[in-house]
Every structure is written in C-alpha cells, then in structure tokens.
Enquirer: 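Structure in structure tokens, see below.
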Amino acid sequence: MNKTLFFALLMTFAIGARAQDWPNIGHYDDANHKLQPAVAGKITAVYMGDSITDFWVNNDSTFFAGNNYIDRGISGQTTGQMLVRFRQDVINLKPKVVVILAGINDIAQNNGPEKLEDVFGNIVSMAELAKANNIKVVISSVLPANKLPWRPAITPTEKVIQLNAMLRAYSNKNHIVYLDYYSKMVDSEKGLPVNLAKDGIHPTLEGYKAMEPLAQKAIAEALK
C-alpha cells in the first residue's frame with residue numbers, strides 16, 4: 001500500500017470515528033478515569049461548557065488547581081452534545097457543584113438550526129440530572145455577544161438576551177443559583193468590550209479574571 005492511500009484511509013477512519021462519537025464522550029475519557037479513584041466526592045466544582053470554558057483552564061490554570069475545580073469544556077459544542085456527555089464528564093466525577101455555561105454555539109447553529117426552547121430544555125435537563133445525583137447547580141448566563149466570527153451571517157444579540165431571561169426565570173423558580181455574567185460584562189452595544197474578548201466571544205485573561213470572582217461567589221452560594 002502506498003503512503004498516499006495509507007494516509008487517506010487513516011484520515012477516513014479518523015473522521016468516521018469522530019462522527020460516531022458526536023458528543024465527544026471520549027475527549028476526557030483518560031482524564032476522567034485518572035481522576036475518579038483519587039478524588040471521587042472531593043471535587044468542589046466541575047465547569048461544563050464549550051470553548052469559553054475549554055479555554056479558561058489554559059488561560060488561568062491556577063484558578064482551577066487552586067480551588068479544586070475541574071474544567072470539562074469542549075470547543076464548538078452545543079447543549080445537546082453536553083447533555084449526552086453529562087454523566088461521564090460531571091455525574092461520575094461526583095463534584096459538589098456543577099457550573100453550566102452553554103448556549104452560544106446553539107445560537108450560532110453549529111449543529112444546525114435550533115429552537116431557543118430546545119436549547120433551554122437541554123440546559124434544564126443537565127440541571128435536573130445534577131440535582132437527581134445530589135450535585136448543586138449553578139446556571140450561568142450566556143456571555144454578551146453581538147457577533148459571531150465564525151458565523152457572520154447570524155446576529156446573536158437578541159437570542160442571547162432571550163435565552164438568559166429564560167434561564168434566570170427557571171433558576172429563580174427552582175431555587176438554583178443563577179450566575180449573571182451578562183450584566184457585569186456587557187458593553188453599550190450589547191456585546192463584550194475588546195479588553196474582555198478580542199473576538200467578541202472568547203474572553204481574554206482579563207475577561208476570565210472578571211468572571212472568576214462571580215463564579216466563586218455563585219459556587220459558595222450553591223454550597224450553603
């Protein structure tokens with residue numbers, strides 16, 4: 001077999017494997033297996049989310065290590081994918097709290113068009129699964145966004161506001177801590193200022209530093 005054919009077959013296999021693992025359950029498989037025997041029941045919080053969560057630990061790893069937090073964000077993911085992997089990446093780790101930050105990739109239609117009610121429903125389902133397993137819940141607002149660099153045809157502004165209103169109302173009704181990043185970070189154009197997120201979506205280190213005390217306060221409130 002020549003090298004060109006070999007690499008073509010290898011790429012086909014890799015793409016097929018990723019397609020079969022749509023929620024990317026295998027992404028943290030090794031890390032989860034290493035964690036479970038040593039820290040089951042000792043993790044303060046698992047952060048569940050997309051690239052905003054995924055990049056957080058890389059920008060400020062000491063925030064996670066110093067507070068006994070675990071990052072389980074996967075770049076590009078929608079709430080449906082997070083819901084499918086929620087058992088492996090949250091429940092099985094037995095944290096005291098889960099901090100859910102999700103929704104912008106659904107609004108961006110990363111996996112196709114979705115009704116806002118379905119996005120909300122996926123987040124509610126994650127919260128219900130956590131509560132059923134004696135894990136406290138913090139539901140985060142979607143961060144302000146008035147543009148999507150990878151989906152310039154979509155303006156997310158109003159859907160972000162609508163989804164946040166739904167999440168706040170649900171949290172208040174069900175005695176869940178609502179973590180309001182939006183009102184603390186939004187600028188006059190209903191987006192993120194450049195110092196907090198150069199691309200309008202993904203926080204800079206300064207952006208994460210603005211989020212961290214808000215997250216810690218929410219976790220402390222959930223643990224009361």
Enquirer: Going by the side-chain contact (heavy atoms from CB on, under 4.5 Å) test, name the single residue among Asn58, Val46, Thr53 that passes it with Asp71.
Expert: Thr53

Enquirer: Is any side-chain heavy atom of Pro144 less than 4.5 Å from a side-chain heavy atom of Leu192?
Expert: yes

Enquirer: Linking I/L/V/M/F/W/Y whenever their side-chain heavy atoms sit closer than 4.5 Å, directly or via other members, would Leu205 and Leu196 fall into one cluster?
Expert: no

Enquirer: Minimum heavy-atom separation for Met185 and Gly207, please, with both atom names.
Expert: CE-O, 3.9 Å

Enquirer: Under 4.5 Å between side-chain heavy atoms, hopping through other hydrophobics if needed: is there a path connecting Ile74 to Ile123?
Expert: no

Enquirer: Check for me, please, whether Leu148 and Leu116 land in the same ILVMFWY cluster - side-chain distances under 4.5 Å, paths through other members count.
Expert: yes

Enquirer: Roughly how far, to the nearest 0.5 Å, is the CZ atom of Arg168 from the CD1 atom of Ile176?
Expert: 14.0 Å

Enquirer: Got a second to check how far Asp180's CG is from Ile139's CD1, nearest 0.5 Å?
Expert: 13.0 Å

Enquirer: Checking the side chain of Asn122 only, and the main-chain atoms of Leu83 only, is there a donor and an acceptor separated by less than 3.5 Å?
Expert: no

Enquirer: Return yes if some donor-acceptor pair links the side-chain N/O of Thr204 with the main-chain N/O of Asn195 below 3.5 Å, else return no.
Expert: yes

Enquirer: Of the non-hydrogen atoms in Pro23 and Val84, which two are nearest, and what is the gap between them?
Expert: CG-CG1, 3.5 Å

Enquirer: Could you tell me whether a side-chain N or O of Asp199 sits under 3.5 Å from a main-chain N or O of Pro149, the two making a donor and an acceptor?
Expert: no

Enquirer: Counting N and O atoms only, with roles assigned by atom type, does the side chain of Ser51 sit under 3.5 Å from a partner on the main chain of Asp54, one being a donor and the other an acceptor?
Expert: no

Enquirer: Donor-acceptor pairs are to be reported for all side-chain atoms of residues 212-224 against protein atoms at under 3.5 Å, with residues two or more places apart or in another chain.
Expert:
| from | atom 1 | to | atom 2 | distance (Å) |
| --- | --- | --- | --- | --- |
| Glu212 | OE2 | Trp56 | NE1 | 3.2 |
| Gln216 | NE2 | Asn67 | OD1 | 3.1 |

Enquirer: Is it possible for you to say whether Leu35 and Val97 belong to one hydrophobic cluster, with membership spreading through side-chain heavy-atom contacts below 4.5 Å?
Expert: yes

Enquirer: Check the side chains of Arg72 and Asn32 for a donor-acceptor pair under 3.5 angstrom, ignoring hydrogens and angles.
Expert: yes

Enquirer: Minimum heavy-atom separation for Tyr170 and Ala127, please, with both atom names.
Expert: OH-CB, 4.2 Å

Enquirer: If you look at every heavy atom in Gln88 and Ile25, which pair is closest and at what distance?
Expert: CG-CG2, 3.8 Å

Enquirer: Once rounded to the nearest 0.5 Å, what's the spacing between atom CG of Asp60 and atom CZ of Phe55?
Expert: 15.5 Å

Enquirer: Apply side chain to side chain contact (heavy atoms under 4.5 Å, CB included) to Lys190 and Tyr182, showing your working.
Expert: CA-CA 9 Å; Lys190 299 180 181 178; Tyr182 187 95; 3.9 Å; yes

Enquirer: Nearest 0.5 angstrom please: Met166 CE to Phe120 CZ, how far?
Expert: 5.5 Å

Enquirer: Taking Leu163 as the starting point, is it possible to reach Ile154 by hopping between hydrophobic residues whose side chains are less than 4.5 Å apart?
Expert: yes

Enquirer: Rounded to the nearest 0.5 Å, how far does OH of Tyr178 lie from OG of Ser171?
Expert: 7.5 Å

Enquirer: With rounding to the nearest 0.5 angstrom, report the CD1 to NZ distance, Ile43 to Lys96.
Expert: 10.5 Å

Enquirer: Check the pair Val90, Asn133 against side chain to side chain contact (heavy atoms under 4.5 Å, CB included), reporting the backbone distance first and the verdict last.
Expert: CA-CA 10 Å; Val90 178; Asn133 286 274; over 6 Å; no

Enquirer: Do you know which two heavy atoms are closest between Ile70 and Leu93, and how far apart they sit?
Expert: CG2-CD1, 4.4 Å

Enquirer: Could you go through the side chain to side chain contact (heavy atoms under 4.5 Å, CB included) check for Thr44 and Tyr69 one step at a time?
Expert: CA-CA 6 Å; Thr44 301; Tyr69 299 156; 3.9 Å; yes

Enquirer: Quick check: closest heavy atoms across Ile52 and Ile201, and the distance to 0.1 Å?
Expert: CD1-O, 3.8 Å

Enquirer: I want to check something: taking the side chain as every heavy atom from C-beta on, are Lys34 and Tyr28 in contact at a cut-off of under 4.5 Å?
Expert: no

Enquirer: If you look only at distance, which donor and acceptor atoms sit under 3.5 Å apart when one is on a side chain in residues 98-112 and the other is two or more places apart or in another chain?
Expert:
| from | atom 1 | to | atom 2 | distance (Å) |
| --- | --- | --- | --- | --- |
| Asn105 | OD1 | Asn110 | ND2 | 3.3 |
| Asn105 | ND2 | Gln77 | O | 2.9 |
| Asp106 | OD1 | Thr79 | N | 3.0 |
| Asp106 | OD2 | Thr79 | N | 3.2 |
| Asp106 | OD2 | Thr79 | OG1 | 2.9 |
| Asn110 | OD1 | Trp150 | NE1 | 2.9 |
| Asn110 | ND2 | Gly76 | O | 3.0 |
| Asn111 | ND2 | Thr78 | OG1 | 3.0 |
| Asn111 | ND2 | Gln81 | OE1 | 3.1 |

Enquirer: For a 4.5 angstrom cut-off between non-hydrogen side-chain atoms, does Lys159 reach Val119?
Expert: no

